[in-house]
Amino acid sequence: MNQQLAGFAPTPTAARMENHGRTMLKVAMASGQDLFARTGSMVAYEGFVQYEPNPPAVRQIASQWVTGEGTPIMKCSGDGLLYLADYGADVVVINLNNDSLSVNGTNLLAFDAHLQWGVEKVKGMAKFAGQGLWNVEISGTGWVALTSRGTPIVVDCGRGEDETYVDPDALVAWSPNLKVKGKRSFKASSLVGRGSGEAYQMAFSGQGIVVVQPSEDSTDRLRIRH
């Protein structure tokens, strides 16, 4: 039996964050290298790892979060190996190098605690989303892990002059330097989005990437905020 299960055993650590299979994240924890992770995402750990749910630094930033975009976050610290997952969703690991990323809060799994982050209103979307569309912007040098409902596609918006259009409920993340605007289409309402009588898309242009999952999020990102 041990031989049959050998292929699923932990692999040698090669980086701070890496995939263990398609739907699990492995994080190499070390003293002084704290991690912020989605509350409840821990599935296993080795060594000595402590958890602090909703730490003060997170509460201060999360107070800016508008209803529907909030993501409960815990602080992880210690030494060992930490395994995280989110109900079988695909895990995407990104190593930022003095770069930034705008992430849908529901797709944020974990990130290095030393990275700069905050809740930002997406420019150009207020008239489509009531008081606006909010995302988590992360910047600096370090590791970020995202989740995707299925294998995502990463679109390079700098390859041509045409805009890239995305269903907001399928949007995972994008480069914050991209120009974003909303588009409303009645004719496409039966083909794009949930067919609520009016279809909305987000249009991206400029140099950067857009990460799109093949499944719509369970929350409607363009409902009116209060």
Ignoring hydrogens and angles, tell me if any N or O in the side chain of [X] forms a donor-acceptor pair with the backbone of [Y] under 3.5 Å.
| X | Y | result |
| --- | --- | --- |
| Thr147 | Ala89 | no |
| Arg22 | Gly88 | no |
| Asp79 | Ser31 | yes |
| Thr164 | Cys157 | no |
| His114 | Thr141 | yes |
| Ser148 | Gly150 | yes |

Check the hydrophobic clustering (I, L, V, M, F, W, Y; side-chain heavy atoms under 4.5 Å; chains of links allowed) and say if [X] and [Y] are grouped together.
| X | Y | result |
| --- | --- | --- |
| Leu25 | Leu108 | no |
| Val93 | Leu35 | yes |
| Tyr165 | Leu171 | no |
| Val92 | Met17 | no |

Roughly how far, to the nearest 0.5 Å, is [atom2] of [Y] from [atom1] of [X]?
| X | Y | atom1 | atom2 | answer |
| --- | --- | --- | --- | --- |
| Asp99 | Asn97 | CG | CG | 7.5 Å |
| Asp34 | Cys76 | CG | SG | 8.5 Å |
| Asp90 | Gln213 | CG | CD | 9.5 Å |
| Met42 | Met74 | CE | CE | 6.5 Å |

Between Thr13 and Leu81, does the side chain to side chain contact (heavy atoms under 4.5 Å, CB included) criterion hold? Intermediate values first, please. CA-CA 9 Å; Thr13 302; Leu81 291 177; 3.5 Å; yes
In a table with atom names and distances, give each donor-acceptor pair under 3.5 Å that connects a side chain of residues 43-53 to protein atoms at least two apart or in another chain.
none

Closest heavy-atom pair and its distance - [X], [Y]:
| X | Y | result |
| --- | --- | --- |
| Gly142 | Asn95 | O-OD1, 3.2 Å |
| Leu84 | Ala37 | CD1-CB, 3.8 Å |
| Ile209 | Leu178 | O-CD1, 3.5 Å |
| Gln116 | Gly140 | OE1-CA, 3.8 Å |
| His20 | Ala9 | CE1-O, 3.3 Å |
| Arg38 | Gly105 | NH2-O, 3.3 Å |

Would you please say whether a donor-acceptor pair under 3.5 Å links the side chains of Ser102 and Asn135? yes
Can a donor-acceptor pair be found between the side chains of Ser205 and Lys181 at a distance below 3.5 Å? no
How far apart are the C-alpha atoms of Arg149 and Asp86, what are their side-chain angles, what is the distance that settles it, and do they pass the salt bridge (Lys or Arg N to Asp or Glu O under 4.0 Å) test? CA-CA 10 Å; Arg149 301 299 171 186; Asp86 183 25; 3.1 Å; yes
Name all residues meeting the side-chain hydrogen bond (donor to acceptor under 3.5 Å, both in side chains) criterion together with Thr23; count only those two or more places apart in sequence or in a different chain, and write none if there are none. none
Once side-chain hydrogen bond (donor to acceptor under 3.5 Å, both in side chains) is applied, do any residues pair with Asn19, and if so which ones, sequence neighbours excluded? none
May I have the step-by-step check of side chain to side chain contact (heavy atoms under 4.5 Å, CB included) for Val144 and Leu109, ending in yes or no? CA-CA 8 Å; Val144 180; Leu109 180 61; over 6 Å; no
By the salt bridge (Lys or Arg N to Asp or Glu O under 4.0 Å) test, which pairs, at least two apart or in different chains, include something from residues 107-116? Arg16-Asp112
Quick note, salt bridge (Lys or Arg N to Asp or Glu O under 4.0 Å) partners involving residues 170-179, not counting sequence neighbours, are none
Hey, mind stepping through Phe111 and Trp143 against ring pair (Phe, Tyr, Trp, His ring centres under 6.0 Å) and telling me if it holds? CA-CA 6 Å; Phe111 58 98; Trp143 294 87; over 10 Å; no
Knowing that exactly one of Val180, Leu101, Val155 qualifies, which makes a side chain to side chain contact (heavy atoms under 4.5 Å, CB included) with Trp174? Val180
Side-chain touch Lys26/Leu82, heavy atoms, less than 4.5 angstrom: no
Answer yes or no: is there a side-chain heavy-atom contact under 4.5 Å between Trp117 and Phe36? yes
For Leu96 and Asn98: C-alpha separation, side-chain torsions, deciding distance, then whether side chain to side chain contact (heavy atoms under 4.5 Å, CB included) applies. CA-CA 6 Å; Leu96 296 179; Asn98 194 26; over 6 Å; no
Excluding sequence neighbours, so at least two apart, what forms salt bridge (Lys or Arg N to Asp or Glu O under 4.0 Å) with Glu137? none
Apply side chain to side chain contact (heavy atoms under 4.5 Å, CB included) to the pair Met24 and Val91, showing each step before the final yes or no. CA-CA 6 Å; Met24 192 177 296; Val91 174; 5.8 Å; no
